[in-house]
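From a predicted model like this one, the values you see are computed outputs, not experimental measurements. Here is how names work: the chains are called A, B, and so on, in the same order as the sequence lines, proteins then strands, and each is numbered from 1.
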2 protein chains.
Amino acid sequence: MILSKGLKASSPLTTAQIEKRLNDVGVSATAQRIAICKYILCEADHPTAEDIKNWTDLNFPKLSRATVYNTLEILVQAGLLKELKLPHTGKIVYDTNVEEHFHFLDSATGKLFDVSPEECQVTLAMPKDISVQGVEVFLRGKISIK
Amino acid sequence: MILSKGLKASSPLTTAQIEKRLNDVGVSATAQRIAICKYILCEADHPTAEDIKNWTDLNFPKLSRATVYNTLEILVQAGLLKELKLPHTGKIVYDTNVEEHFHFLDSATGKLFDVSPEECQVTLAMPKDISVQGVEVFLRGKISIK
DNA sequence: ATGTATGCAAAGCATTTGCATTGCT
DNA sequence: AGCAATGCAAATGCTTTGCATACAT
């Protein structure tokens with residue numbers, strides 16, 4: 001299983017690096033957006049909008065809720081983020097892993113893990129007139145403690 | 001692919017039949033619950049609470065929103081219904097198919113179809129310390145018109 | 001200056017809750 | 001009477017929106 005942190009920058013990104021990533025996808029790098037990206041790309045693990053707001057309240061005072069949602073939408077459009085609506089919660093969570101992958105929820109802790117397509121293979125045998133364009137898999141279970 | 005209607009009673013259930021099904025699972029069969037079941041078990045296809053409320057507004061005046069939600073929760077607890085939180089909508093939908101199965105969303109029409117475990121097989125190759133207890137699969141695609 | 005981004009507060013929407021009322025048994 | 005079920009309306013929680021202000025080029 002992919003540990004979610006594994007895909008993130010192992011060390012915090014610099015402001016300049018974040019600016020470049022934003023510019024590369026055509027998003028102007030405002031201070032608010034950089035702050036949000038710092039949290040999302042380096043610290044957070046499948047954060048919700050609320051998680052992000054809580055973090056900015058501590059680290060970037062006066063950043064508004066609207067800007068959080070607005071920025072998230074822009075980052076999703078830009079392909080830097082994936083929006084997840086998972087069945088275990090009503091809240092939308094955001095994923096920095098934009099490659100194809102699935103999710104595993106540890107029911108004991110509520111923690112989400114990414115699952116690679118190698119670890120979870122889906123074999124379809126659907127009627128010929130059905131073309132499947134997207135596959136989402138959500139797993140629940142437990143991690144046994146050794 | 002299982003046509004959703006295929007699992008429903010092919011002809012409308014009688015009130016007596018619904019009463020029996022409710023009693024069998026230990027749910028007292030009130031007029032409101034029977035009305036809701038009539039819609040859910042015979043007419044509806046993956047309805048939302050709102051769909052049900054709209055139907056009862058026409059067919060069982062004065063049935064309150066609270067009773068709709070309350071009844072749905074009871075039916076879910078009783079195992080007659082499954083609650084689905086699917087990623088394409090913010091609304092909870094209810095499924096009369098309580099057997100293990102997955103879902104396919106026709107992106108063209110927004111219509112949901114049940115998918116049997118034979119049509120969609122999931123092969124897991126997870127680390128040994130992970131025990132998976134639940135698998136949910138959501139497919140999106142198109143149905144080609146012949 | 002001009003357009004974009006932001007902040008604030010209010011609105012939306014689905015769902016939940018509290019509580020008084022109704023209706024069985 | 002006693003208890004469960006219902007109805008009503010308000011509250012909740014997440015997300016979205018409208019609009020005025022501030023910012024950057």
Participant: Just to verify, what does Glu19(B) make a salt bridge (charged side-chain N to carboxylate O under 4.0 Å, His left out) with, not counting sequence neighbours?
Facilitator: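 So Glu19(B) forms no salt bridge (charged side-chain N to carboxylate O under 4.0 Å, His left out) with any residue.
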Participant: Taking CG from Asp51(A) and C1' from dT15(D), how many angstroms apart are they, rounded to a whole number?
Facilitator: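 Atom CG in Asp51(A) sits about 15 Å away from atom C1' in dT15(D).
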Participant: Using the side chain to side chain donor-acceptor pair (under 3.5 Å) criterion, which residues pair with Lys20(B)? Sequence neighbours excluded.
Facilitator: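 Lys20(B) satisfies side chain to side chain donor-acceptor pair (under 3.5 Å) with Asp24(B) once adjacent residues are dropped.
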Participant: Which pairs with one or both residues in residues 25-41 of chain A pass salt bridge (Lys or Arg N to Asp or Glu O under 4.0 Å), sequence neighbours excluded?
Facilitator: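 Matches after skipping sequence neighbours: none remain.
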Participant: Looking at Lys62(B), I'd like to know whether one of its side-chain N or O atoms comes within less than 4.0 Å of OP1 or OP2 on dC8(D).
Facilitator: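 For dC8(D), OP1 or OP2 has a side-chain N or O of Lys62(B) closer than 4.0 Å.
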Participant: Only pairs at least two apart or in different chains count here, so list each side-chain hydrogen bond (donor to acceptor under 3.5 Å, both in side chains) that has a residue in residues 74-89 of chain A.
Facilitator: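 Those involving residues 74-89 of chain A are Glu73(A)-Gln77(A).
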Participant: Does Tyr94(A) have any ring pair (Phe, Tyr, Trp, His ring centres under 6.0 Å) partners at least two apart in sequence or in another chain, and if so, which?
Facilitator: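 Scan of Tyr94(A) (ring pair (Phe, Tyr, Trp, His ring centres under 6.0 Å), adjacent residues dropped) gives none.
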Participant: Rounded to whole Å, how long is the line connecting atom CG of Leu72(B) with atom P of dT6(D)?
Facilitator: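 Value for this atom pair: 12 Å.
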Participant: Is it true that Ile74(A) and Tyr69(A) fall in one hydrophobic cluster, defined by side-chain heavy atoms closer than 4.5 Å?
Facilitator: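 No, no single cluster joins them.
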Participant: Among all residues two or more places apart in sequence or in another chain, which pass the side-chain contact (heavy atoms from CB on, under 4.5 Å) test with Val132(A)?
Facilitator: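 side-chain contact (heavy atoms from CB on, under 4.5 Å) list for Val132(A), sorted by chain: Leu124(A), Met126(A), Ile130(A), Val135(A), Phe104(B), Leu139(B).
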Participant: If you compare every side-chain N and O of Thr67(B) against the phosphate oxygens of dG7(D) (OP1, OP2), does one of them come in below 4.0 Å?
Facilitator: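 Result: yes.
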Participant: Using whole Å, what does the distance between atom C1' of nucleotide dG13(D) and atom NZ of Lys53(A) come to?
Facilitator: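 Rounded to whole Å, this separation is 15 Å.
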Participant: Output all residues satisfying salt bridge (charged side-chain N to carboxylate O under 4.0 Å, His left out) with Arg140(A), sequence neighbours left out; order by chain, then residue number.
Facilitator: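 Result, salt bridge (charged side-chain N to carboxylate O under 4.0 Å, His left out) vs Arg140(A): Glu136(B).
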Participant: I'd like to compare against my own output: the B/S/- annotation of nucleotides 11-25 of chain C with a strict under-4.0 Å heavy-atom distance to protein.
Facilitator: ---SBBB--------
Participant: Send over the distance from Lys85(A) NZ to dT16(D) C1', rounded to a whole Å.
Facilitator: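 Rounded to whole Å, this separation is 12 Å.
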Participant: Nearest whole angstrom, please: distance from the P of dC8(D) to the CG of Asn70(B).
Facilitator: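 Checked: the CG to P distance equals 15 Å.
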Participant: Taking only residues two or more places apart in sequence, or in another chain, which ones meet Glu50(A) in a salt bridge (charged side-chain N to carboxylate O under 4.0 Å, His left out)?
Facilitator: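 Applying salt bridge (charged side-chain N to carboxylate O under 4.0 Å, His left out) to Glu50(A) gives Lys91(A).
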Participant: Please write out each protein N/O paired with an N/O of nucleotides 22-25 of chain D under 3.5 Å, distance rounded to 0.1 Å.
Facilitator:
none

Participant: For Asn70(B) and Thr67(B), test the side chains for any donor-to-acceptor distance below 3.5 angstrom and give the result as yes or no.
Facilitator: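 On atom types as modelled, these side chains do not qualify, holding no pair under 3.5 Å.
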Participant: Between Ile52(A) (CD1) and dC14(D) (C1'), how many Å, whole number?
Facilitator: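 Answer to the nearest Å: 13 Å.
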Participant: Going by heavy atoms closer than 4.0 Å, what residues in residues 25-35 of chain B are next to DNA chain D?
Facilitator: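 DNA chain D contact set from residues 25-35 of chain B: Ser28(B), Thr30(B), Gln32(B), Arg33(B).
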Participant: Among residues at least two apart in sequence or on other chains, which ones pass salt bridge (charged side-chain N to carboxylate O under 4.0 Å, His left out) with Asp106(A)?
Facilitator: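 Checked Asp106(A) against salt bridge (charged side-chain N to carboxylate O under 4.0 Å, His left out); zero matches.
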